[in-house]
Amino acid sequence: MGSTLRPGDTIGILGGGQLGRMIAQAASRMGLKCHIYCPDENSPAFEVSAEKTVAAYEDEQALTQFAKSVSVVTYEFENVPGETARILEQFVPVRPGPLALKVSQDRLEEKTFLSEEAATQVAPFIKVDNQAELEAALMELGGQGVLKTRRFGYDGKGQIMIRTPQDIEGAMDKLGNQPAILEGIVLFEKEVSIIVARGVDGTVKCYDPADNYHKNHILKTSSVPADIPEATAQEAIDMATRIVVALNYVGVMGVELFVVKDGDKTELKVNEIAPRVHNSGHWTEDACPVSQFEQHVRAVAGWPLGTPTRAHNVIMENLIGDDVNTWEATLLEPNARLTLYGKAETREGRKMGHINRLSPKS
Ligand code: AMP
């Protein structure tokens with residue numbers, strides 16, 4: 001099997017959530033098939049895919065069979081075990097590659113890579129493995145900081161904001177004494193993100209940056225265009241480009257940034273990278289000729305990237321938990337495009353769908 005796919009070939013996707021589902025839908029539109037590999041038998045991506053495997057990410061036999069049935073493997077979440085990727089790579093290209101997984105799975109590696117290899121600004125950070133190291137790190141950062149586990153943190157989980165002496169006591173115990181980093185608190189004006197793609201041939205394309213608003217640590221809305229100076233938007237594009245080039249990356253990536261005002265100057269610091277399609281890029285589906293999902297499919301298939309130019313202004317709203325009950329009312333809104341993920345059970349904090357509200361481009 002070559003590394004450039006033909007219509008009719010199959011993309012293997014690790015993970016069966018809404019991101020995998022939307023990648024599979026974009027692939028299907030272009031005559032490609034998808035084979036979803038996920039341990040959860042109720043995965044929303046299964047119902048839109050040609051094939052599925054329900055097995056653990058450690059199941060070497062199932063992984064081998066899966067790898068032999070597809071032309072390329074990609075993933076919809078960054079915590080793919082390193083060993084899983086190594087097994088698959090013996091048979092088939094895994095895109096994005098192992099360096100992207102290694103860097104994005106560990107906040108210490110990520111911050112070190114971003115500052116040293118990709119020459120991007122990040123919050124000051126110090127490695128912390130125990131309470132004594134935490135106290136020493138706090139002295140260095142002026143007594144305050146954000147303590148984060150190095151691995152498996154998301155949506156504000158696995159982190160503690162330390163502002164007062166009371167926050168310090170027992171902080172490492174609260175994090176389960178896992179390896180961590182202490183970051184300086186960034187006094188940001190707002191949070192933005194940018195979706196970037198890099199093809200097998202090295203071409204890089206970026207979508208417009210989005211303004212992100214979080215509620216209870218979960219993304220609630222992404223608005224585009226972001227309300228930031230033109231030069232700051234260009235800086236976001238330059239940073240994202242440096243990151244994907246330094247990683248020799250193939251696929252779509254989400255880059256989350258803090259916007260910091262320093263007098264008249266506006267600066268960006270990278271908070272986090274996600275080596276996959278990203279929730280803050282769902283607006284591209286209805287506002288751009290080629291969505292982030294199609295772009296990802298094109299990249300991992302070895303195809304030319306599509307145009308990311310935005311045709312509309314758009315506000316993407318996540319439907320979280322009971323928000324999904326507004327679906328009928330949304331159908332009556334003329335400029336709203338509704339996407340539901342087909343999840344059987346509504347739970348608090350669970351992403352159930354999203355709405356893109358379009359307006360004329362400014
Ligand atoms: P994360 O899990 O790293 O994406 O962080 C979740 C949220 O915590 C971010 O979206 C920010 O709102 C906040 N946060 C994370 N790191 C910092 C920091 N160094 N300074 C201030 N706020 C932060």
Side-chain angles (χ1 to χ4, degrees), residues 19 76-79 100-101 103-115 118 120-128 134 137-164 167-168 171-172 174-176 178-196 209-223 226-228 236 239-240 243 253-262 266-282 316-318 320 349 351:
L19 300 180
E76 59 136 37
F77 68 112
E78 55 272 43
N79 287 318
L101 278 177
V103 165
S104 59
Q105 285 179 359
D106 181 329
R107 290 188 196 272
L108 180 63
E109 293 231 21
E110 180 180 47
K111 293 266 148 59
T112 306
F113 176 87
L114 287 169
S115 50
T120 57
Q121 297 282 328
V122 296
F125 63 98
I126 300 172
K127 174 174 175 284
V128 165
L134 170 62
L138 279 162
M139 297 272 278
E140 239 179 279
L141 293 183
Q144 297 193 331
V146 190
L147 179 65
K148 300 180 177 181
T149 57
R150 283 172 57 176
R151 296 176 65 85
F152 300 119
Y154 71 99
D155 288 348
K157 294 191 175 67
Q159 61 171 270
I160 298 175
M161 187 65 89
I162 298 183
R163 292 186 192 278
T164 65
D167 296 333
I168 305 172
M172 285 302 284
K174 274 188 213 145
L175 277 192
Q178 297 177 62
I181 60 169
L182 183 73
E183 283 181 21
I185 296 178
V186 179
L187 299 175
F188 57 82
E189 197 202 353
K190 60 161 106 187
E191 296 181 75
V192 298
S193 60
I194 185 157
I195 306 297
V196 54
D211 267 334
N212 294 330
Y213 164 70
H214 298 85
K215 202 172 155 190
N216 302 326
H217 299 289
I218 302 173
L219 182 70
K220 184 59 188 158
T221 60
S222 292
S223 310
D227 187 11
I228 50 175
M239 282 182 165
I243 294 168
M253 171 185 281
V255 180
E256 297 179 22
L257 303 136
F258 296 131
V259 180
V260 183
K261 272 264 167 71
D262 183 6
T266 303
E267 287 178 348
L268 292 173
K269 288 186 196 299
V270 181
N271 177 34
E272 180 161 78
I273 59 172
R276 52 173 169 78
V277 293
H278 195 260
N279 193 168
S280 70
H282 290 359
M316 188 282 308
E317 181 190 351
N318 264 342
I320 299 163
K351 290 173 183 165

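Every number for a ligand or one of its atoms is a count from 1 in the order of the listing. The model shown is predicted, which means the values in this text are computed figures rather than measured ones.
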Discussion item. Heavy-atom contact check, 4.0 Å cutoff: does Lys148 meet ligand 1?
Written reply: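 Within the 4.0 Å threshold, so yes.
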Worksheet item: So does Glu272 pair up with Arg107, basic N to acidic O under 4.0 Å?
Response: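 Here Glu272 pairs with Arg107 in a salt bridge, since their nearest N and O are under 4.0 Å apart.
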List every atom of ligand 1 that sits less than 4.0 Å from any heavy atom of [X], numbering the atoms from 1 in the order shown and giving each element.
| X | result |
| --- | --- |
| Glu191 | 9 (C), 10 (O), 11 (C), 12 (O) |
| Ile185 | 20 (N) |
| Glu272 | 3 (O), 4 (O) |

Residues 178-187, side-chain donor-acceptor partners within the protein, below 3.5 Å, at least two apart:
| unit_1 | atom_1 | unit_2 | atom_2 | d |
| --- | --- | --- | --- | --- |
| Gln178 | NE2 | Leu175 | O | 3.1 |
| Glu183 | OE1 | Lys148 | NZ | 3.2 |
| Glu183 | OE2 | Lys111 | NZ | 2.6 |
| Glu183 | OE2 | Lys148 | NZ | 3.1 |

Discussion item. Heavy atoms only, cut-off 4.0 Å: how does Arg107 contact ligand 1, side chain, backbone, both, or neither?
Written reply: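 Just the side chain.
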Worksheet item: Backbone N or O of Val103 within a donor-acceptor pair of the Asp106 side chain at under 3.5 Å?
Response: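 Here the side-chain-to-backbone pair does not exist.
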Practice prompt. May I ask you to decide if Asn318's main-chain N or O and Lys220's side chain share a donor-acceptor pair within less than 3.5 Å?
Written response: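 Yes; at least one donor-acceptor contact below 3.5 Å.
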Worksheet item: If you take all heavy atoms of Gln121 and Leu268, which pair is closest and at what distance?
Response: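 Reported closest heavy-atom pair: CB-O, 3.5 Å.
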Worksheet item: Is Gln144 atom CD crowded by more than 12 heavy atoms from other residues, nucleotides or ligands, each under 6.0 Å away?
Response: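 Yes.
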Worksheet item: Can an N or O of Gly184 be found at a distance shorter than 3.5 Å from an N or O of ligand 1?
Response: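 So ligand 1 has an N or O lying under 3.5 Å from an N or O of Gly184.
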Worksheet entry | Gln159 N/O under 3.5 Å from ligand 1 N/O |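 By distance alone, the answer is yes.
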Worksheet entry | Nearest option to atom 17 (C) of ligand 1, as decided by whichever heavy atom of Phe125, Phe188, Phe258 sits closest |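 Residue with the shortest heavy-atom distance to the ligand atom: Phe258.
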Worksheet item: Which of the listed options, Asn271, Val146, Ile181, holds the heavy atom that is closest to atom 4 (O) of ligand 1?
Response: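 Heavy atom nearest to atom 4 (O) of ligand 1 belongs to Asn271.
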Fill in: Listed partners of Ser222 passing side-chain hydrogen bond (donor to acceptor under 3.5 Å, both in side chains), at least two apart
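For Ser222 the side-chain hydrogen bond (donor to acceptor under 3.5 Å, both in side chains) partners, ignoring immediate neighbours, are Asn212.
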